[in-house]
Each structure stands twice: as C-alpha cells, then as structure tokens.
Asks: 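What follows is a structure written as structure tokens; I'll ask about it next.
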Amino acid sequence: MSASLVSVPTRVRRRNKYLGLVDSALQQAVAYRVLALTGIVGNMLWIVILFAIWRAAFADSGTIEGFTWPQMQTYILLAYGINAMVGFSSASKMMQAIRQGTIVIDMIRPLNYLGTQLATTLGLAIVEGVISFALTIGIGVIFLDMQAPASFWHSLLFLLSVGLGFLTKFLFVFCISLLVFWTTSSVGLNWTQTALVNVLAGVLIPIQFLPGWLATVAEWSPLRGIVSTPVSVYLGREDGIDLLLVLGLQAVWVIALWCFADWAWKRAFRAVEIQGG
Amino acid sequence: MSASRIPAAVTSSIAPIGEPIIAARGLTKVFRRPVKPPGLKGALRHLVRPSWTDFTAVDAIDLTIQAGESVAYVGPNGAGKSTTVKLLTGILVPTSGEVRVCGIEPFRQRIANARNIGVVFGQRTQLWWDIPVQESLRLLGDIYELPADEYARTFAHLTEVLDLAPLLAIPARQLSLGQRMRCDLAASLLHSPPILYLDEPTIGLDVAVKARFREFIRTMHRENGLTVMLTSHDLGDIEELCDRMVMIDRGTVVYDGALDAVTTRFGWERSLHLTFTEDEPDATAIAGRVLAHRADVTFTQLDPSRLDVAFDSREVTSGELIRDLATHLPLADIRIEEPSAESIIRRLYEGQLQFDDPQVSGGAR
C-alpha cells in the first residue's frame with residue numbers, strides 16, 4: 001500500500017491566503033516560462049522599432065519637447081519594461097476567467113475576487129515583469145545610452161511610483177475585464193485596453209508629445225500613472241512640489257480606481273448571470 | 001440578524017437540532033435574456049432597441065434538507081438544477097424567496113457560506129492547472145485558513161483514503177480524469193465542510209473509478225455525517241448514493257420523496273427480454289399481430305435474434321404474454337425485468353410518465 005510511504009508535508013506555518021495565491025501564480029508563471037519569454041521577445045521588437053523611429057526624429061534636432069536623445073532612449077526602455085509587468089497575458093487571464101466561467105471556482109471559496117485577481121496578477125508580474133525589466137535595463141546599459149536615475153531620491157521615488165503604476169494598470173485592466181460579463185468576448189476589450197494604455201499612459205510616445213487637448217486629457221487621466229509618471233520621476237523631469245503633485249495624483253487615482261473596481265465588481269456580479277452556467 | 005455574527009465554523013457544527021441544514025422557501029430566480037431576431041438585421045435591431053424576455057430558471061422551489069441526508073437533485077437538462085446549486089452557494093442572488101444554508105443566507109454572506117460547503121464539478125477542476133497537486137492543496141489550506149495541525153490531519157486522512165500519495169507531485173494538467181477526480185474530492189473536503197455539492201461528478205469516469213468514487217462518498221456520508229446533494233444524470237450515482245430524490249422540471253419540484261417510493265409508484269412497468277433459437281427478422285410484426293388486442297404492449301427489436309417486450313403488469317401477466325408468443329416465435333430464453341429506478345427516471349425525463357398523483361408529487365415529505 002503506497003499510503004505508508006506518504007510523507008505528510010509539515011507546513012512550517014500558514015501563509016496569508018492572498019500571499020499563497022501570489023506564490024502559486026509565481027509557480028504557474030514559471031511553468032509557462034516559454035510563453036513569458038515569447039512575450040518578452042515581442043516587447044524587445046517594439047523597443048527596436050521605436051528606437052529606430054526616434055533616432056531618425058532626433059537626427060535633426062538635439063531636443064524634442066525637452067527630451068534629449070539619451071533621455072528618449074531611457075524613456076523607451078523604461079516604458080516597455082514597466083508596461084510589461086501587467087502584460088497582455090495577465091489581462092487575458094482575467095478576461096478568460098469571466099468568459100469561461102472559471103470565476104465560479106473562485107466564488108465558491110472564501111476569497112475576495114478583487115484581492116484574488118490582484119494576487120494572481122502580482123505573481124505573474126513578479127516573473128514576467130522582473131525578467132523583462134532586468135533584460136530591458138541590461139540591454140539599455142550595454143548597448144544603448146541609458147541614463148542613470150536623476151538622483152538617489154529619484155530612484156527611490158521611482159520604485160514607489162512603479163508600484164503605484166502596477167496597481168493602476170491592474171485596476172484599469174480589472175475594470176475593463178468586467179465588461180466581459182456583457183460582451184462575452186474578450187479579444188476586442190483586450191485590444192482596446194492595450195490601445196488606451198499605449199497612448200494615454202505614454203508607452204508609445206511621451207504624453208507631452210500628444211496634440212494639445214489629448215495631452216491635457218492624458219495629463220489628468222489615471223493612465224499616466226502606469227508609465228509616464230514613474231519614467232518622469234526616474235528622469236528627474238519633475239522636482240519639488242511638482243514631483244509631489246504627480247505622485248499624489250497617482251496615489252489618489254489608485255484609491256479612486258480601487259473603490260470603483262470594488263463597486264463595479266459587485267454590480268457586475270449582481271447584474272449578470274455567470275457565463276457558461 | 002444575530003446569526004450572522006456567529007463564526008461560520010460554529011454555526012455549521014452546532015446547527016440547532018432539528019433545524020434543516022438547507023432550507024429554501026419560494027426560491028425563485030428569473031434571468032433576463034436578450035431577444036435577438038436572427039441575422040445581422042436582428043443583431044442590429046437589438047443594438048438599437050434591445051428587447052428582453054424573462055426566463056424563470058427556478059420557480060418558487062421549497063426544499064428542506066436535514067443534516068446528514070443524501071439527496072439526489074435530478075431533472076432534465078435546463079430544468080434549473082445548476083441554478084439552484086448556484087443559489088445555494090451564493091454565486092447567484094435569488095429574485096425572490098428565502099434560502100438558508102447552515103443558517104446563513106448564502107448570497108449575503110458568500111464567504112461565510114463558502115466555509116460550510118465543498119463543491120465538486122465533474123466538468124471542471126478546482127485545482128490549479130500548472131502546479132503540483134500538493135501545492136494546490138496547501139494553497140487551499142491557506143485559503144480556508146486551516147490551522148497547521150488540522151490541515152496536516154485532514155491532508156493525511158484524505159491522502160490515505162483517496163490514495164493520493166503517487167499523485168501529489170504531479171500538476172493537475174497531467175492527471176488522468178480519474179486521478180483528477182480523486183484530487184478534486186480531496187480539494188473539496190480539505191476544510192471538512194458539513195455539506196458537499198456534487199455536480200455531475202462521475203461524468204466520463206470508467207466503471208472501476210466510478211465505483212471507488214461512490215464508495216468514498218458513501219463512507220463520508222454514513223460515517224462522517226456529510227450532507228450530500230448530488231446533481232447527476234448518472235442513475236447509478238443516484239441509486240447508490242442517495243436515499244431521497246428531488247426531481248425538478250422547468251424550475252419547479254415535481255417529485256420530492258424517498259427513491260424507493262418512485263419504484264413503488266411506477267412499479268407496474270415490466271419488460272420481457274426474449275432470445276430466439278434462430279434469427280427472426282419479422283419478430284416485431286409477428287408479435288404485433290399476435291398481441292394486437294393488447295394496447296399497452298410495446299416492442300423493441302435490437303437484432304434479429306432478440307425481442308424486448310415492455311408491458312403494464314396491471315393489464316396483463318408475463319405468463320399470458322409468454323403463452324401467446326411462444327406458439328408463434330421460436331423462443332429459446334426468457335428474462336423478466338423488474339422496474340429499476342433507472343428506467344423509471346429515464347421515462348420521467350422523457351415525459352412518458354407523469355407524477356399526476358398528488359399523494360406522490362411533493363406529498364411524500
């Protein structure tokens with residue numbers, strides 16, 4: 001009888017349930033490391049393309065909208081590295097859970113859904129984001145003219161801002177994914193989400209480069225917190241009161257989005273029958 | 001709402017004696033469905049002026065289940081079984097009516113309710129697909145906040161009785177269906193819930209695995225007092241696991257009572273299985289001619305050497321039928337089949353039998 005061979009794993013201690021979920025998501029991401037790597041390679045391609053375009057643009061003039069060429073290179077690299085933390089696959093995971101009805105499994109457990117999704121996304125981000133971020137910076141330092149953070153304090157605030165940016169993107173994608181309850185399809189929503197972030201968060205081009213009215217929208221929208229704010233902090237484009245203001249705006253938006261996401265989740269869940277049931 | 005402040009673990013184990021563990025009164029769920037005329041034109045019209053129709057999936061159901069019962073919740077596809085289970089798990093909010101599980105309203109306190117229930121879905125796993133089973137179970141221990149010693153005890157017990165030891169290191173996606181089901185059972189019972197919902201649990205399992213599965217559930221039910229609610233189309237599951245049957249059709253309860261009572265109620269159904277000494281392709285026609293004067297006899301011929309005769313034992317005896325048929329057909333062998341719950345339930349689904357007797361319909365309890 002094989003039962004006698006069981007070594008009961010002695011658990012050292014109980015983990016917090018959401019930390020447990022982060023840990024499991026991490027293990028799952030490692031299981032799908034090939035997928036993660038293809039995503040990273042895809043991002044690298046974008047970096048190469050953007051690099052080529054901007055080099056041409058900077059060939060004639062030394063600075064554009066206050067950006068020097070080395071600053072612009074740093075911007076491109078950081079923008080992609082940060083944006084990859086909550087990638088396309090994290091977003092599809094959230095949407096698939098609703099579309100395929102696996103959400104039912106989460107709901108029969110004593111779990112808060114928003115917390116569960118955050119934990120899962122965080123686990124994925126640790127693997128995909130950290131690898132992609134490290135690679136990006138590695139390439140930047142070795143092959144490109146990547147700049148160091150403006151100062152030690154700027155680098156600390158940059159990390160804080162990246163954390164807030166992660167939450168912002170997670171909450172934004174979470175809210176978009178709730179629309180799957182009504183659309184029952186996720187492809188269009190995921191592309192919409194990506195397009196909005198690419199433009200309004202400053203992934204493709206710094207939001208300062210957008211046409212006037214759109215620049216104003218982008219400046220006040222929560223999405224700038226995903227990429228534009230952390231990169232600006234890194235480059236030292238904001239200082240003093242302005243620095244505190246952009247970080248404050250980022251934090252306020254995180255709180256507002258969290259409250260909205262929680263409310264929207266409850267509404268969506270009440271209003272719509274679970275798909276596939 | 002004083003009960004709401006009592007921790008779930010306490011409410012579940014010290015449910016007042018005689019108080020039902022599951023109680024639903026007038027439980028109703030109405031879904032709103034879009035009405036989309038066919039084609040692109042229809043889709044566009046719906047976009048401009050959406051119209052909706054109400055669909056009552058569960059219609060004023062009364063259901064009382066005592067702790068320690070095992071109840072088969074059956075009905076044809078779309079009868080409202082899954083919707084009822086979702087209402088009991090708190091995933092759906094009732095349109096009207098009352099529902100309490102272990103004294104808790106599931107939709108108001110979904111998380112407290114979740115600690116009292118285990119759910120097994122035959123069609124989807126609750127294990128994390130890509131991590132070893134052992135890690136999935138550990139994570140569930142965290143999610144249900146089980147103390148380390150309690151977790152170790154339950155884990156060791158379930159590992160032994162379900163023989164999980166060889167599977168623990170394997171990710172769920174690499175398990176066979178039977179292995180996965182054993183692990184899913186462990187996952188659903190790890191937090192020792194007083195209630196277990198089984199949703200089509202044996203779908204796709206082979207005969208041997210099915211038998212082990214039923215044996216395990218029976219033991220948990222008889223020895224540990226687990227309350228079991230089973231929705232299944234597998235009548236073997238129903239006959240072997242449940243004493244009581246609740247049948248719903250189009251959202252309403254059409255039968256609620258002992259499983260035996262169904263057999264008694266429709267016990268006049270009999271079948272003769274005839275085997276011939278030589279092939280007789282026209283057996284149906286011959287038998288039809290011979291028994292033309294009898295109304296309630298039907299024939300099924302699966303191959304030339306056999307004929308099945310279904311009849312109503314109130315109208316005619318098997319002796320009379322055999323005597324009439326033996327003179328015209330080359331009978332070699334005769335087997336008489338008593339009605340099984342299986343054949344009766346199948347015919348109930350197909351609408352060939354009706355619970356038109358008020359003493360049976362809902363009155364058995």
Side-chain angles (χ1 to χ4, degrees), chain A residues 1-33 35 93 96-97 100-113 115-116 119-120 123-124 182 184 266-267 269-277, chain B residues 8 29 31-33 57 82-83 85-86 89-93 107 110-115 117-119 121 124-132 134-149 151-153 155-156 159-166 168 171 173 188 191 197:
Chain A
M1 188 67 193
S2 52
S4 57
L5 296 173
V6 183
S7 60
V8 174
T10 44
R11 294 193 312 160
V12 185
R13 63 195 169 78
R14 199 176 75 206
R15 297 170 297 187
N16 170 282
K17 50 178 134 177
Y18 296 103
L19 289 183
L21 283 166
V22 172
D23 188 22
S24 298
L26 225 144
Q27 291 183 46
Q28 288 176 71
V30 171
Y32 280 111
R33 54 193 172 273
L35 183 71
K93 263 196 147 95
Q96 293 296 316
Q100 296 174 344
T102 43
I103 197 172
V104 170
I105 304 277
D106 289 323
M107 301 310 290
I108 57 166
R109 295 192 173 129
L111 287 171
N112 169 288
Y113 193 67
T116 305
T120 312
L124 283 176
W182 286 278
T184 67
K266 282 177 186 139
R267 264 211 60 128
F269 190 56
R270 289 286 167 258
V272 185
E273 64 188 284
I274 306 289
Q275 303 299 329
Chain B
K29 179 69 191 178
F31 290 121
R32 210 170 61 137
R33 285 190 174 162
S82 291
T83 306
V85 173
K86 281 179 184 160
T89 54
I91 295 177
L92 289 177
V93 185
F107 65 99
R110 181 181 61 80
I111 288 181
N113 183 58
R115 294 179 196 282
I117 60 169
V119 187
F121 298 101
R124 55 174 62 136
T125 182
Q126 55 187 307
L127 302 163
W128 284 265
W129 203 235
D130 303 299
I131 61 175
Q134 187 164 325
E135 287 294 320
S136 276
L137 295 177
R138 180 183 170 205
L139 179 53
L140 284 170
D142 296 329
I143 287 174
Y144 289 97
E145 295 164 323
L146 304 179
D149 56 335
Y151 172 83
R153 211 167 41 238
F155 178 85
T159 303
E160 200 195 317
V161 293
L162 291 165
D163 195 16
L164 299 184
L168 291 174
R173 78 182 127 83
S188 64
H191 58 292
Y197 299 114

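A, B, ... follow the sequence lines: proteins, then strands. Residue 1 opens every chain.
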Asks: Is it the case that the side chain of B:Asp142 and the backbone of A:Arg15 share a donor-acceptor pair, with hydrogens and angles ignored and the cut-off at 3.5 Å?
Replies: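 Side chain of B:Asp142 to backbone of A:Arg15: a pair is present.
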Asks: Begin with the C-alpha distance, continue with both residues' side-chain angles, and end with the deciding distance and a verdict on side chain to side chain contact (heavy atoms under 4.5 Å, CB included) for B:Asp130 and A:Gln27.
Replies: CA-CA 8 Å; B:Asp130 303 299; A:Gln27 291 183 46; over 6 Å; no
Asks: Between B:Arg110 and A:Met107, is there a donor-acceptor pair closer than 3.5 Å when you use the side chain of the first and the backbone of the second?
Replies: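 Such a contact is found between B:Arg110 side chain and A:Met107 backbone.
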Asks: Quick one: of B:Thr125, B:Val119, B:Ile131, B:Val93, who has the most non-hydrogen atom pairs under 4.5 Å with chain A?
Replies: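 The candidate making the most pairs under 4.5 Å is B:Ile131.
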Asks: Which bit of A:Leu21 is near chain B, if near means a heavy-atom gap under 4.5 Å: side chain, backbone, both or neither?
Replies: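 The answer is both parts of A:Leu21.
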Asks: Which atom pair, heavy atoms only, marks the closest approach of A:Val104 to B:Ile91?
Replies: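 That closest heavy-atom pairing would be CG1-CD1, 3.5 Å.
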Asks: Between B:Pro171 and chain A, which part of the residue has a heavy atom less than 4.5 Å away: side chain, backbone, both or neither?
Replies: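 No part of B:Pro171 comes within 4.5 Å of chain A.
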Asks: Roughly how far, to the nearest 0.5 Å, is the CH2 atom of B:Trp128 from the OG1 atom of A:Thr120?
Replies: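 One finds 9.0 Å between OG1 of A:Thr120 and CH2 of B:Trp128.
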Asks: Rounded to the nearest 0.5 Å, how far apart are OH of B:Tyr144 and CZ of A:Arg109?
Replies: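 Spacing of OH (B:Tyr144) from CZ (A:Arg109) equals 6.0 Å.
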Asks: I need the B:Ile143 CD1 to A:Tyr18 OH distance, nearest 0.5 Å.
Replies: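 Rounded to the nearest 0.5 Å, the CD1-OH separation comes out at 8.5 Å.
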Asks: Please look at B:Tyr197 and chain A and tell me whether the side chain, the backbone, both or neither of the residue comes under 4.5 angstrom of a heavy atom of that chain.
Replies: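 B:Tyr197 has no heavy atom closer than 4.5 Å to chain A.
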Asks: Measure B:Arg153 against the heavy atoms of chain A and call it side chain, backbone, both or neither at under 4.5 Å.
Replies: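 Neither part, no heavy atoms under 4.5 Å.
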Asks: By a 4.5 Å heavy-atom criterion (distance strictly below it), what part of B:Leu164 contacts chain A: side chain, backbone, both, or neither?
Replies: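 Neither the backbone nor the side chain of B:Leu164 comes within 4.5 Å of chain A.
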Asks: Which heavy atom of A:Pro110 sits nearest a heavy atom of B:Ala114, and at what distance?
Replies: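 Scanning both residues completely, I find the closest heavy atoms to be N-CB, 3.5 Å.
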